[in-house]
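Everything numeric here is computed off the predicted structure, so don't read it as measured data.
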Amino acid sequence: MSPTLPVALSDLIAALGGDLLGGPELRIARIAPLDEADEQSISFLANPRYQAQLGTTRAACVIVAPALAEAAAARGAAIVTPDPYLYFARLTQWWAARTRPARQAGVHASAVVSPDARLGQGVEVGPLAVIEAGAVIGDHARIGAHCVVEREAVVGEHTRLAPRVVLGYGCRIGARGLVHSGVVIGADGFGFAPSRDGYVKIEQLGNVSIGNDVEIGANTCIDRGALSDTVIEDGVKLDNLIQIAHNVHIGRNTAMAGCGAIAGSTTVGANCTIGGAANIIGHLNIVDGVHITACTLVTRSITEPGAYSGAYPFEENSSWQKNAATLRQLHTLRERVRALEKK
Amino acid sequence: MSPTLPVALSDLIAALGGDLLGGPELRIARIAPLDEADEQSISFLANPRYQAQLGTTRAACVIVAPALAEAAAARGAAIVTPDPYLYFARLTQWWAARTRPARQAGVHASAVVSPDARLGQGVEVGPLAVIEAGAVIGDHARIGAHCVVEREAVVGEHTRLAPRVVLGYGCRIGARGLVHSGVVIGADGFGFAPSRDGYVKIEQLGNVSIGNDVEIGANTCIDRGALSDTVIEDGVKLDNLIQIAHNVHIGRNTAMAGCGAIAGSTTVGANCTIGGAANIIGHLNIVDGVHITACTLVTRSITEPGAYSGAYPFEENSSWQKNAATLRQLHTLRERVRALEKK
Amino acid sequence: MSPTLPVALSDLIAALGGDLLGGPELRIARIAPLDEADEQSISFLANPRYQAQLGTTRAACVIVAPALAEAAAARGAAIVTPDPYLYFARLTQWWAARTRPARQAGVHASAVVSPDARLGQGVEVGPLAVIEAGAVIGDHARIGAHCVVEREAVVGEHTRLAPRVVLGYGCRIGARGLVHSGVVIGADGFGFAPSRDGYVKIEQLGNVSIGNDVEIGANTCIDRGALSDTVIEDGVKLDNLIQIAHNVHIGRNTAMAGCGAIAGSTTVGANCTIGGAANIIGHLNIVDGVHITACTLVTRSITEPGAYSGAYPFEENSSWQKNAATLRQLHTLRERVRALEKK
């Protein structure tokens, strides 16, 4: 999506605020990183580490913090704002709103919408979507092509389901959410009782309850609870290909990078970050403000905020082979050191 | 899904058996864990560790083993049964059957069903499902909205495909199966021959063959075999986001938690359990009764039943940094210990 | 899919070349591994390790390298070719073309195709597919059932999207590609700016650009770039359930096994192989010719070709418990060894 027209910096400032140093009449055609920017680009400098790029970037305008205002203005236009990264985020939103096609409220003729579903004002339902009886779609919500919103499910106001999302029966998502393609909300949790004749299914009788301002990445799965609900609180951000098992509870504003999993009945606190491919086993409790780095397996509850890790350090394969083989004898090695110490 | 009506304990016992101690006229509105139960709840005590909760739960009735019958009956109604967890599983099934909407046999008008497909009695085909020529759908099977059942594929009796499942051409699933949304059965296995001009595709000519009573979790993938079939035996349970590569063979009643993978041509025995995010490389043989814990990478065949593990232990990040750095010198450390021992 | 008719070796040679030793009139009904072959099978011997199977296989004909021509011919028909595995790959392609149903060009009546989309010659659009305005579908491309090709997206000539693929707005895939079911190309990258009121979304304004001859496995996700595009070069092969984050760049002919992830803005070179469930963190640079083994987490840029590893070695659970516990004290252990050495 490239914008059809360049935008004057004065228009941008009028919409987003910030102190403009330099030419309000400059016209911006794209947003770009400092090192890819050209004379029609606006860029931003959020990390002081990249300050040297101020000297080499071709950007027409750079968004900077007050401390860098002088340096930025010396080379071209600058927008000064306390948090350049946050300003950049808002700029992308403004840009997307300007350059993307307008929404088209209405139900596509090919969609299969139950007469017993309740659709709010300004709702958009894409081609071949299915909305079952008892479902409630909030005002201005958008249901993409090929979505399935099952019976009694609820979609909040202004929430968007991208094409091909399944929102299972009785599951709810709040307002201003964004659910990407391939997401499955409300598949059965994985529960079986062993018996002499094999596993006996435990029907999953709970639902999934998702708060406001939640984003869920492509092909992520959130299972319904066994008896009570799986709960995702307001502001949670989940990346792609994540597995959230039954009866997990994730607190406000926690963010989780792709490919990880949280096993059944675990509670994760608010304002946590969980790195890519990290896994948390079931029935644990993780307090607020915990940061788990990529590929860590969390096997015990965490009672103190902080950063936790557990990935094997990678190295050249031949070294790894030696070290990994030795690791299998680590306990013995410790015994040998103990023996030496006793001598 | 909350039931529309409370159920008398006498009705429940009539359907599921067990010895009832206390009031048959008590009415149950929900199934709940001991610590969330209220006066209209039935609960269960399967793990003696939680016996203390018998003293505090508000549940109207608790399902217990004979050893706890007296303690349970002292505080309210109790159902006594040799295996409370199994009883609970059956109770959830009975509950689901009572409280969920009745099935609606028939083919939705929007489905695209080939006249050369064969549908059994009482089959349900949801909106916008596609069933190609030569496909066979067993009696009372349910094909959810947006499913694609390709040519010559076979769905067994009473098997249910949730919305949006792909069952590839020539692939088969047996009776009483349950396949969750987003599952892809029969994509090509990952096979290429290297050549000077890049990779040359090895067409995958096998199918996928799945037994009876198999459950497959959301967004899980089972690839078709290269020459012969990928095989999933009766009673296997696969959780969400699992990858089963071409020509894998999984034995009866093996269960696998989410996000793991089994690479090509590996055979896993019967009655195994594979923890979440565990991976097994290709061309291995795992015997019956093997239990692999979460996040383990299995790199050799396993010839003895038992439990196997290989996850890095997580810890506070600053400790991990020191220990992980040292791990890169572990082999050297052993040499140093050896040198000390020689002195 | 079993072929309807056996094929004479002479026909096979006429199509694929190679030197035939033995009966051109022999008829082949299937392709099979040496140990599963019967008298109507053709098999191949690519790995000298399996040479002993030449003595026991029942295959009618074996594809071998020149060095094994004599041994193979002594037991039956043989096809001699410099690279038997590559020959086998081409044989599977020829076989598939003979035995699979003919393509059916045309747009299925149930598909929803914008009048403002541009479809090339011989294009096939399956049932219930959606193609939005401005999309361009190259000659002889195949768009499977339930695919969604969003506005301005481009599909190259002879590329096939299996059923239920999402190709997001503005995203492009080149010629001769194969995209399996459940793939999501062009979901938003995972980008947010923290603020006092929670995360603020960074709209993802880039696209995904995919070269020619690329295969993408089931349920894999490739996110659109934040400002510029995510790029997958020619000849790349991605297995199932892979996560490619925004602004990743993957070089020519790199292959990646299932369940791994590459985090944002990382560049991977050409001719790399990335094992199953391996992860690469963001903002790294991996040079050409790097081989990463399964379950490795790459946390630094790699500047030299070679093999790199980082998986924890699995072992029997009770040993693992001891060794993993000791690992938490590894740094201390090294200090103790140092102290002993000083004495």
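- A:E132 does not touch chain B: none of its heavy atoms, backbone or side chain, sits under 4.5 Å away.
- Counting heavy atoms of neighbouring residues, nucleotides and ligands inside a 6.0 Å radius, atom CZ of B:R300 does not exceed 12 of them.
- Only the side chain of B:T273 comes within contact range of chain A, with at least one heavy atom under 4.5 Å from a heavy atom of that chain.
- If you tally non-hydrogen atom pairs under 4.5 Å between each of A:I302, A:V166, A:T220 and chain B, the highest count goes to A:V166.
- Proximity to chain B is limited to the side chain of A:N279, based on heavy atoms less than 4.5 angstrom apart.
- Summarising the geometry of B:D83 relative to A:P194, their closest heavy-atom pair is OD2-O, 4.1 Å, with the distance given to 0.1 Å.
- Aromatic ring pairs are classed by plane angle as parallel below 30°, tilted from 30° to 60° and perpendicular above 60°; the pair B:F88 and B:F44 is parallel.
- Both the backbone and the side chain of A:T299 come within less than 4.5 Å of a heavy atom of chain B.
- When the candidates A:D197, A:L327, A:I281 are compared by the number of heavy-atom contacts under 4.5 Å with chain B, A:L327 comes out ahead.
- Looking at A:Q204, the atoms closer than 4.5 Å to chain B (heavy atoms on both sides) all sit in the backbone: N, CA, C or O.
- Salt bridge B:R338/B:E341: absent, no basic N to carboxylate O contact under 4.0 Å.
- Between A:F314 and A:Y312, the distance separating the two ring centers is not shorter than 6.0 angstrom.
- For chain B, the nearby parts of A:D188 are the backbone and the side chain; heavy atoms of each come within less than 4.5 Å.
- Contacts of A:L340 with chain B are made by side-chain atoms alone, with heavy-atom separations under 4.5 Å and no backbone atom involved.
- Heavy-atom distances place no part of A:R196 under 4.5 Å from chain B, backbone and side chain included.
- Of the listed residues B:Y85, B:Y87, B:W320, the one with more heavy-atom pairs under 4.5 angstrom with chain A than any other is B:W320.
- Inspection of the A:D229 and A:S209 side chains reveals no N or O donor paired with an N or O acceptor under 3.5 Å.
- In this structure, the portions of B:A218 lying under 4.5 Å from any heavy atom of chain A include both its backbone and its side chain.
- Under the 6.0 Å distance and 45° angle rule, B:R98 counts as a cation-pi partner of B:W94.
- In terms of non-hydrogen atom pairs under 4.5 Å with chain A, the most contact-rich of B:N219, B:N253, B:V337 is B:N219.
- The pair B:E233-B:R252 does not meet the salt-bridge criterion, since no charged nitrogen lies less than 4.0 angstrom from a carboxylate oxygen.
- Checked by atom type and distance alone, the side chain of B:T159 pairs as donor or acceptor with a backbone atom of B:G177 at under 3.5 Å.
- Using a 4.5 Å cut-off between heavy atoms, B:S181 touches chain A through backbone and side chain atoms alike.
- Looking at A:C147, the atoms closer than 4.5 Å to chain B (heavy atoms on both sides) all sit in the backbone: N, CA, C or O.
- Looking only at heavy-atom pairs under 4.5 Å with chain B, the residue among A:D223, A:T296, A:L241 that has the most is A:D223.
- Here the closest heavy-atom approach between residue A:G217 and residue A:H180 is recorded as C-CB, 3.8 Å.
- There is no contact between A:I292 and chain B, counting heavy-atom distances below 4.5 Å.
- For A:V298, the parts lying near chain B are the backbone and the side chain together; criterion is any non-hydrogen pair under 4.5 Å.
- Ranked by non-hydrogen atom pairs under 4.5 Å with chain B, the options A:H291, A:R164, A:E304, A:E150 are led by A:R164.
- In this structure, chain B has no heavy atom under 4.5 Å from any part of A:A245.
- Between chain A and the residues B:K343, B:Q321, B:M256, the largest count of heavy-atom pairs under 4.5 Å involves B:M256.
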Handout entry: Test log, rule salt bridge (charged side-chain N to carboxylate O under 4.0 Å, His left out), inputs B:K237 and B:D213
Key = CA-CA 8 Å; B:K237 310 296 179 189; B:D213 302 298; over 6 Å; no
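- Residues B:N323 and B:T326 bring no donor and acceptor atom of their side chains to less than 3.5 Å of each other.
- Contact tally against chain A (heavy-atom pairs below 4.5 Å) for B:N271, B:D234, B:L128: the top residue is B:L128.
- Residues A:I250 and A:L238 meet the side-chain proximity criterion, which asks for heavy atoms closer than 4.5 Å.
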